[in-house]
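Here the structure comes first, spelled out in structure tokens, and everything after it is commentary.
Model, not experiment: these values are computed from the prediction. Worth knowing before you read on, the calculation uses all heavy atoms, side chains too, and leaves out hydrogens, waters and symmetry mates. This chain uses plain numbering: 1 for the first residue, then up along the sequence.
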Amino acid sequence: PVPEELARLLDSRPNPNAPWNLSRVQDYLEVPRSTANDSKLFQIMAGIQGNVSAIDGTWDVYISTGQTETQNEARGFGDLQQYRNIVGSANYGRGAVVLGPGTTTPFQGTGGTAGCTTGIPIFGDFRMSEDCLDALTASSTDVMNIDQNIFEGTIQGRIGELWAGEVRFAGGASYRENEIEYEQGNLNSKNNSVTQMIGLAAGSDTSGRTTASDVFGEVLLPLVSGDGLVQSFALELGARYSDYDDQGTANTYKSLFTLAFDNPLRLRGGWQLANRAPNVGELFAPQNNVIQNSAYNGDPCGTNSFAPWGANPTFNPNFADTVALCRQMMGPGADLFYAEPQTGVFPSVTIVERGNPNLHSEEADTVTFGAVISLENVELSIDWYKIEITDVIGTINYDTIYEQCLSPQYNPSGTLTGSPYCSYIERNPETGGQLRVNAARSHLGYYETSGVDVQVNWRRALGEGAIGLNVLGFEGTEE
């Protein structure tokens, strides 16, 4: 039964027997939703090193292996099928006894029994009995293992002489492998066709492995050395070649300089081209629910949306086109969804993040120029930098996914196939409501930042010791 006031309201509709939905916060489980993380880590490293007297150098070889295991337990959630079994019984489960497979007599046989003495307080205000809480409350534990193995060898020393001093080098090679294995808790696994946890998207097991081989080297070239106005000038040149099993090959370069004058001034700067391959988490991370704040009041398909490309005619004069596209996503549930206008303010939204094995490397160009002034007790350094990164790896936010799908600027055809972002959105075909918004790691485009770093070091002898002060500051802009 429903409260008398609600019954009158339902009967006043043009079709009193039309379906209706009730959204009810699960605040009756008493156990707050929470997560408990348990992590274990070990790492073993072994190596040998020695001298190479012929080049006044050294060599070093090491091997490292390690593993991290993380168990993530979700607590205080409801069991969806148990909820349906009980709430669908008379009086919203009051006195319900639900028999599991293999059970013909309550609390006997090979299967289980769920009982609920008080029922569920769908409309009432009472504390559920312990058997109801035991039947409805669920927890699930996910397990993630990350393994890493590294083998690297390096050598450094003198390779020659120039008029300004020794030419020194450093070089080496390395091999790295990373592996991730994630096991979704059975209760909330996509392989579980019986039930799932209420309010938590079901996930899948995932695993992946990456390997990379590198060869690298750098050389220091002294070009000027003397006692005149310019006391020293040197170049530092370096390169790295990387071969990834899935992302192909990448090259990294650097060209730096130092220019020292007669005290107190020294200049430094240079250019670097760097590549960063996606890590094992960005490639193969499991699904993860992330709560975000929407700038447009949640679901853009709702008539209470603030989005200029949403379904609210107050904010979007072309709202009818948006509604038509939303109806395509909803299917038969659209009529129920739009039967009544949506109201309220709901800024918090949930997005489901995951890894993407199709990612490739980011590339960064960095230019720096700076000066160091050294006085008796004070050293002042000022460095300007500019960094440009292309193919930045990140997660697309909720509002952007809907905008890319619904806005005619990005989807002029107004169809589900007109934008790949429409496939990220899942709607309930029965109610039209939003099921989930998926967001795999993606290449978000271009990032630029520039600014100035300032550092001041002051140091002075104090008795047999010293006293010092270090001050750091920066000012930067981002695009």
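With Asn428 contributing its side chain and Leu435 its backbone, the two residues share no donor-acceptor pair below 3.5 Å. A distance-only check finds a donor-acceptor pair linking the side chain of Thr303 to the backbone of Gln342 [under 3.5 Å]. The closest donor-acceptor contact from the side chain of Asn316 to the backbone of Gly310 lies under 3.5 Å. One N or O on the side chain of Ser442 and one on the backbone of Ala440 form a donor-acceptor pair closer than 3.5 Å. Looking at His443, its side chain does come within 3.5 Å of a backbone N or O of His360 through a donor-acceptor pair.
Looking at Asp205, Asp142, Asn192, Asn191 one by one, the single match for side chain to side chain donor-acceptor pair (under 3.5 Å) with Gln184 turns out to be Asp142. For the side chain to side chain contact (heavy atoms under 4.5 Å, CB included) criterion with Ile291, the lone passing option out of Val349, Ile351, Thr350 is Thr350.
No hydrogens or angles considered: nothing links the side chains of Thr58 and Gln49 as a donor-acceptor pair under 3.5 Å. With hydrogens and angles left out, the side-chain atoms of Thr366 and Gln272 include no donor and acceptor closer than 3.5 Å. If you check the side chains of Thr314 and Asn312, you find a donor sitting under 3.5 Å from an acceptor.
Cation-pi check for Arg441 over Phe284 is not met; the charged atom does not lie both under 6.0 angstrom from the ring centroid and within 45 degrees of its normal.
Atom OG of Ser207 sits about 11.5 Å away from atom CG of Asn145, to the nearest 0.5 Å. Atom OG of Ser450 sits about 7.0 Å away from atom NZ of Lys386, to the nearest 0.5 Å. Between the CD atom in Glu362 and the CZ atom in Arg276 there is a gap of 4.0 Å [rounded to 0.5 Å].
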(request) Dump the intermediate steps for ring pair (Phe, Tyr, Trp, His ring centres under 6.0 Å) on Phe151 and Tyr175, then the final yes or no. (result) CA-CA 5 Å; Phe151 178 78; Tyr175 172 80; 8.5 Å; no

(request) Start with the C-alpha gap between Asn411 and Gln404, add the side-chain angles, then the distance that decides, and say whether side-chain hydrogen bond (donor to acceptor under 3.5 Å, both in side chains) holds. (result) CA-CA 7 Å; Asn411 185 4; Gln404 293 282 331; over 6 Å; no

(message) side-chain hydrogen bond (donor to acceptor under 3.5 Å, both in side chains) for Ser140 and Asn188? Distances and angles first, verdict last.
(response) CA-CA 7 Å; Ser140 182; Asn188 216 43; over 6 Å; no

(message) Quick one, Asp79 with Thr195, criterion side-chain hydrogen bond (donor to acceptor under 3.5 Å, both in side chains). Give me CA distance, side-chain angles, the key distance, then yes/no.
(response) CA-CA 7 Å; Asp79 184 311; Thr195 188; 2.6 Å; yes

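Below 30°, between 30° and 60°, or above 60°: for Trp271 and Tyr253 the angle between ring planes is below 30°, a parallel geometry. Tyr421 and Tyr424 have perpendicular rings, their planes meeting at more than 60° on a 0 to 90° scale where under 30° would count as parallel.
At a threshold of 4.5 Å between non-hydrogen side-chain atoms, the residues Trp309 and Asn318 do not count as touching.
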